[in-house]
**Q** 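Below you'll find the structure I mean.
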Amino acid sequence: MGRLVALSLNRQGYQVTLFDKDDKNGQQSAAYAAAGLLTPLGEAMHCPSNIVAMGFASLQLWPELLASLSGYNFFQQTGAIVVSHEQDIGDYQRLKRFLANNYRQHQQQQLNRQQLSALEPELARRFSQALFLPEEGQIGNRKLLLALKQQLLAEGVNWHCKTTVIGIEHDHLPKKGKLTFKSGNAIESTIESAIESTQMFDLMIDCRGTGAMLSSGNSQCNNAVLKDLRAIRGELFQLFAPDVNISRPVRLMHPRYQLYIAPKGKGHFVVGATEIESADTNPMTVRSAMELLSAAYSIHPGFAEANIRQNVSQLRPAFNDNQPKIISNGNLIQVNGLYRHGFLIAPVVLSQIQEHVGHLLRPTNQVRSAYQYSHLLPITKVATN
Amino acid sequence: MALNIYGRHLDSRLLIGSALYPSPEVMKQAILASGSQVVTLSLKRQNPHEQSGEKIWTYIQEVVKQNQGFLLPNTAGCKSAKEAVTLAKMSRELFQTNWIKLEVIGDDYNLQPDPIELLAAAEQLLADGFKVLPYCTDDLVICQRLYDLGCQVIMPWASPIGTGKGLMNPYNLASIRLRLPDATLILDAGIGKPSDACLAMEMGFDAVLLNSAIALADNPVLMAKAFAQAINAGESAYIAGTMPERQTAHPSTPTLDLPFWHHPEHS
């Protein structure tokens with residue numbers, strides 16, 4: 001989210017400095033450990049309705065956003081498939097009932113084996129029925145991170161990578177806020193020896209996800225709202241399975257997780273994701289690996305011979321209501337709690353940030369009485385002490 | 001009437017799980033709406049060695065305190081007595097409680113408790129001073145053995161965890177109630193609807209423990225209220241004493257004023 005915001009604000013003529021604890025490839029981010037699914041209906045049963053609405057709004061916004069990144073070309077909106085094994089058919093029926101009752105305005109098609117075969121022939125060998133959600137899509141999250149890197153460099157954004165923010169002192173506008181950071185090495189064990197610096201800014205936008213949890217306990221940050229922020233562990237696999245021909249994201253009903261297989265082209269698949277209420281940053285557990293891989297194999301036997309290219313575990317930031325928040329506090333804006341919906345809702349979040357930054361820094365340009373997506377994602381305003 | 005478990009009085013006879021809710025906030029509202037004073041918590045997958053789930057544990061503890069209740073750690077996911085005992089001891093250190101909901105799973109497909117390992121774990125934990133609430137099948141002999149070991153509370157299943165199939169074998173459950181009149185019996189797992197919980201309470205069970213039926217409802221908060229009401233209704237019905245079933249109809253109003261051709265034998 002931070003890179004997207006930095007690029008967009010830079011394009012709007014603001015002088016942007018991006019602080020990033022990661023390297024330029026972004027492999028420590030929650031965005032890296034994702035699948036890039038744009039499946040609002042697939043998520044609908046486990047999230048509030050405003051997230052679903054933001055997901056559909058974002059599906060409209062992504063193409064233009066992606067088109068502005070040179071060399072990026074992976075946006076797919078050919079629908080998603082939901083399947084279930086016989087023992088989990090109750091969960092499948094529940095999802096169908098829920099979507100029919102609550103999202104009737106969006107397309108939902110119950111498929112028999114023949115119809116499924118027409119869409120995804122290799123799924124029809126194992127499943128006699130499926131739910132087809134034609135409006136759903138996906139993007140390539142890692143391709144997007146690389147494209148953002150190229151674009152940020154090409155457009156000359158001042159980018160401090162491998163730099164950890166350790167303090168934020170905000171104040172009333174138009175006073176400046178102070179950012180304290182350590183650069184040189186983002187690895188926490190060595191950060192003590194890194195050089196500490198400070199810099200003043202008109203406005204600071206904190207998009208650090210779970211990284212903001214530590215410094216929010218710091219008195220310099222002075223913002224109690226992030227006390228509700230928690231980490232949720234998610235694990236996923238990157239597989240190379242040339243024997244598997246599935247073209248759309250597939251969701252498998254499971255009693256505990258939202259399991260999916262996201263085809264990324266040329267035999268590459270993402271299989272995810274566990275969802276564990278834990279801030280554990282250790283590598284993937286055997287149990288998670290077995291659950292994810294057996295789920296993949298149960299969908300398509302071709303996954304038995306897949307190469308495991310990578311297993312990833314990462315923490316997603318979430319507030320107690322699992323709602324994203326944009327918190328405005330003087331010259332500090334905190335964007336956090338995107339949970340498992342980062343790519344799903346990013347364009348709407350970005351739009352809200354852009355409008356709010358404009359409102360704060362260029363108030364004379366602001367003509368709209370309310371921001372475009374305030375009904376879906378209101379800005380939370382906190383009074384500065 | 002208050003429920004008494006291991007000497008602790010509780011106003012609510014509904015024990016509730018803390019998994020599978022759409023969000024912690026919804027869980028909080030559901031727990032508060034249920035009035036439940038005992039909230040179970042699974043540690044197994046949260047890397048308890050490094051206390052990685054501390055944030056959510058603290059959150060649940062704060063919620064349950066609002067109902068004047070307490071947290072009941074469980075050993076969900078354990079498959080041997082050794083594993084369960086280790087996790088119970090870890091829970092005791094983390095939460096400063098010697099209460100444990102003991103689960104030892106014997107079968108991955110239906111999550112059926114392993115009676116052999118369960119008895120072994122219960123014996124060790126009781127000897128170590130734990131207040132053990134064992135989750136078991138509706139097998140009378142297993143329940144009897146657990147009670148004989150010293151478990152004051154026995155928690156037979158209604159049906160396999162998360163199935164929502166309700167009371168699959170009412171005869172077995174009634175037998176356990178009849179044969180263990182002094183044990184505190186809590187029906188645990190498999191409850192799908194408030195009517196299932198009500199039925200268990202009408203049969204004389206002391207309380208009901210459930211999770212999925214509330215967490216997976218379209219409106220968990222409303223469902224939590226529904227369960228609280230159903231359990232109160234069932235408990236009241238049990239105390240009130242239900243009428244006996246009869247084979248023939250008995251009119252509840254006098255029929256002397258009916259003309260004779262309206263009497264059943266002339267119709």
**Q** Rounded to the nearest 0.5 Å, what separation is found between the NE2 atom of A:His46 and the OG atom of B:Ser23?
**A**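 Separation between the atoms: 12.5 Å.
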**Q** Of all heavy-atom pairs between A:Asn320 and B:Pro24, which one has the smallest distance, and what is that distance?
**A**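 So the minimum-distance heavy-atom pair works out to O-CD, 3.0 Å.
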**Q** Check whether any side-chain N or O of B:Asp218 sits under 3.5 Å from a backbone N or O of A:Phe98 as a donor-acceptor pair, and report yes or no.
**A**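 No: the side chain of B:Asp218 does not pair with the backbone of A:Phe98.
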**Q** Who wins among A:Asn322, A:Asn101, A:Ile232 for the most heavy-atom pairs under 4.5 Å with chain B?
**A**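 With the most close heavy-atom pairs to chain B, the winner is A:Asn322.
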**Q** Is a side-chain donor or acceptor of A:Arg94 paired with a backbone partner of B:Leu216 at a separation under 3.5 angstrom?
**A**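 Yes, the answer is positive, given that a donor and an acceptor are paired below the 3.5 Å cut-off.
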**Q** Could you state the interatomic distance from CD (A:Glu277) to OG (B:Ser18), rounded to the nearest 0.5 Å?
**A**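 Reported to 0.5 Å precision, the distance equals 9.0 Å.
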**Q** Looking at B:Gln66, I want to see if its CD is surrounded by more than 12 non-hydrogen atoms of other residues, nucleotides or ligands under 6.0 Å.
**A**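 More than 12 heavy atoms, drawn from other residues, nucleotides or ligands, come within 6.0 Å of this atom.
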**Q** Ignoring hydrogens and angles, tell me if any N or O in the side chain of B:Lys55 forms a donor-acceptor pair with the backbone of A:Leu229 under 3.5 Å.
**A**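 Side chain of B:Lys55 to backbone of A:Leu229: a pair is present.
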**Q** List the atom of B:Glu25, the atom of A:Asp321, and the distance in Å for their closest heavy-atom pair.
**A**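 Minimum heavy-atom contact is CB-CA, 3.6 Å.
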